[in-house]
Amino acid sequence: MSSFAGRMKEYPTISLDRFDRENLHARAYFLSHCHKDHMKGLKGPLLKRKLQFSRTVRLYCSFVTKELLLNNPKYAFWEEYIVPLELESPTQISLVDEASGEKEEVVVTLLPAGHCPGSVMFLFEGSHGNVLYTGDFRLPVGDVSRMEHLHSGSRVKDIQSIYLDSTFYDPRFYQIPSREVCLSGISELVGNWISQSPHHVVWLNCKAAYGYEYLFINLGEEFNTQIHVNTLAMFKKMPEILSYVTTDRRTQIHACRHPKDEEFFQGNRLPCGCTAADGTPLRIISIKPSTMWFGERTKKTSVIIKTGGSSYRACFSFHSSYSEIKDFLSYLQPVNIYPSVIPIGRTLTEVTQMLKLMCRKQSDEAAFVYKPLGVLKRSRVQRPTCDSESDDELFDGLDVAPVRKKLGVQKEGTLETTALPVCVEESLPLTITDAQPAAHNYVDCTESNGEEEEEEEEEEQQGDEEKVGAGQPEDISSQPPRWEDFFTTETLTDSQNSLRSQPQSCCSEMTGSQTPDLFSDEETAPDGFSLTLSGSQSNHSSQNMDSCLPDTLIIQPELDGQKQREEGDDGIIQSESQQLSDFDIPCTPESKVPRRDELSQLYRKLAAGEDIRALDYRTEH
DNA sequence: GCGATCAGCT
DNA sequence: CACAGCTGATCGC
């Protein structure tokens with residue numbers, strides 16, 4: 001449970017996920033998601049009073065969070081003070097001191113957090129640096145490298161501080177099976193049961209909280225049914241959820257609740273009191289989603305555990321595991337990390353100490369003081385996926401065929417009030433040029449979209465997931481653009497995990513192009529020759545990372561150049577916003593990144609002392 | 001009568 | 001298997 005006090009050191013005039021005590025004086029409020037432990041004080045009368053006298057204080061959140069919040073009458077008074085923001089749309093917000101008129105500008109970007117419907121992280125960019133408040137999140141290993149707004153061009157942004165969901169930041173929780181693996185296990189159990197007869201029913205013993213909708217949607221889809229729940233009101237504007245839940249009790253899958261639901265179940269009744277029409281007793285099993293974790297060296301274990309004659313626990317987590325958090329942090333390498341949760345049995349000091357290891361090293365900063373051409377930023381490179389592979393091995397008793405469901409999003413809302421969508425870099429000539437970190441690149445050790453696909457196929461073969469596995473690519477390419485409003489993580493699967501298949505951000509929409517022509521070489525070409533620091537140099541990463549990374553300092557212009565080139569293929573983004581590039585020097589119009597073969601040619605010419613200007617990178621391929 | 005806090009429970 | 005709550009008791013205003 002979050003114990004975050006509500007404020008960040010860098011931007012103390014805003015409050016997040018806490019609305020009591022000193023937070024009453026904030027100039028702006030942010031709500032990351034609709035769980036009670038992040039809403040403390042939100043219905044307080046003091047706050048209500050303050051809002052009535054204020055012209056500028058607003059609550060910012062995602063559209064889905066707004067919808068869920070206002071569904072509860074206790075929070076209905078917020079209606080006129082909420083400013084819902086689109087995901088991944090940088091928005092400038094004025095933080096106004098209403099007494100003095102003093103003003104500070106900050107740009108906020110909502111990033112999907114994969115925790116529950118509407119959950120987001122907040123990235124703040126302003127004169128006190130870039131800070132990331134994660135809220136609660138679950139991101140699979142590698143996803144952070146695909147989050148556009150954590151990058152500037154092809155570089156990882158310089159993050160001053162991360163305010164972190166550290167729920168499972170403890171080596172005890174080293175591994176938590178992926179959403180797909182857990183869902184697959186639950187699906188199998190449910191399928192085996194309800195196929196026996198119409199009187200075989202399943203009760204999903206879910207806590208009263210948002211976050212299980214992912215389960216309902218996927219089970220509903222797979223078994224062509226709806227899940228019985230107590231109320232639909234909160235989802236009335238979310239058709240993609242609404243269509244998989246029902247208040248009609250005549251269904252084989254229930255997630256209904258009752259204050260004494262466990263007793264009901266013991267008496268072979270469902271919490272809704274449902275019985276079969278013809279008087280035949282129901283055959284009920286209960287499945288209780290719970291977080292199961294596995295240590296670093298734990299052997300393969302099932303994600304389903306039978307705890308009684310008709311009771312099961314099924315693995316399910318809304319929070320990132322230790323290794324997922326490590327992946328996230330070691331990619332971003334912030335200067336500071338502040339935990340917002342202290343895992344049970346730990347102290348703040350312990351957690352802070354452990355997190356220090358994940359912060360950017362002092363030496364990284366010191367080593368690159370000399371910067372005649374401006375400052376190097378870290379490359380964005382496709383991350384190794386060692387972890388996900390070991391995941392699969394760990395749980396290979398189950399089919400890992402990713403089960404996903406497209407989730408559309410509610411209609412685009414208009415931005416009202418003072419919120420202005422902007423491109424971050426355009427509005428922020430500040431921050432990022434000084435005291436830059438080293439160019440800590442990661443070495444790409446995947447080489448292996450192919451490998452992974454193979455693995456997936458193998459697994460499909462052993463299982464009964466044919467239906468689910470089939471047709472995935474089509475599903476993905478037709479994803480509605482903003483479906484991440486509900487859940488992030490399962491879209492970012494291997495089949496679409498490179499940025500090239502994910503046109504997003506204001507700038508890429510402008511181009512609408514898949515051609516690389518928009519690439520200016522200024523962002524990327526120097527990178528082809530940059531140093532690549534790996535392994536021990538770049539971070540003190542987890543064992544899983546270490547196992548993939550060489551320990552030596554290497555120079556690999558070719559690989560790096562190719563990487564950049566590949567990213568260029570999605571017609572990325574930076575046409576407007578790449579002022580802040582590897583070096584802060586003007587770009588060369590109409591130039592672009594050479595391909596690997598072009599590079600080889602380039603090197604040969606360079607070696608031969610020939611004039612490389614004769615080479616035309618714009619040759620078609 | 002309301003809010004805050006805590007124990008207990010799931 | 002430690003999530004995100006609920007309920008109920010107690011205390012203070």
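Both backbone and side-chain heavy atoms feed into the values below; hydrogens, waters and symmetry mates do not. Residue numbers start from 1 in every chain, and the chains themselves are labelled A, B, ... in the order their sequence lines are given, proteins ahead of strands.
Under the 4.5 Å side-chain criterion, counting only non-hydrogen atoms from C-beta, L355(A) is in contact with Y169(A). Taking the side chain as every heavy atom from C-beta outward, Y163(A) and D17(A) never approach each other to under 4.5 Å.
Residues passing the ring-ring contact (aromatic ring centres under 6.0 Å, His included) test with F216(A), sequence neighbours excluded: none. Among residues two or more places apart in sequence or in another chain, the side chain to side chain contact (heavy atoms under 4.5 Å, CB included) test is passed with E80(A) by none.
Each of F19(A), Y11(A), F124(A) was checked for a ring-ring contact (aromatic ring centres under 6.0 Å, His included) with F30(A), and the lone residue meeting it is F124(A).
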Check: How would nucleotides 2-11 of chain C be written as a contact map, 5' to 3', with B for base contact, S for sugar-phosphate-only contact and - for no contact, using protein heavy atoms under 4.0 Å?
Finding: BBBBS-----
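Consecutive Watson-Crick or G-U pairing (both distances under 3.5 Å) extending over three or more pairs maps onto DNA chain C as B:1-10 with C:4-13.
Using a 4.0 Å cutoff to heavy atoms of chain A, the contacted part of DNA chain B runs 5' to 3' from dT5(B) to dT10(B).
The environment of R21(A) atom CZ is sparse: at most 12 non-hydrogen atoms of other residues, nucleotides or ligands sit within 6.0 angstrom.
Aromatic ring centres of Y322(A) and F168(A): separated by at least 6.0 Å.
Inspection of the S161(A) and E10(A) side chains reveals an N or O donor paired with an N or O acceptor under 3.5 Å. For the residue pair H35(A)/D136(A), the side-chain donor-acceptor check at 3.5 Å is not satisfied.
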Taking distance alone, no hydrogens or angles, what donor-acceptor pairs closer than 3.5 Å link side-chain atoms of residues 285-292 of chain A to residues at least two apart or in another chain?
residue	atom	partner	partner atom	Å
S290(A)	OG	K288(A)	O	3.1
S290(A)	OG	R313(A)	NH1	3.1
T291(A)	OG1	F316(A)	O	3.3

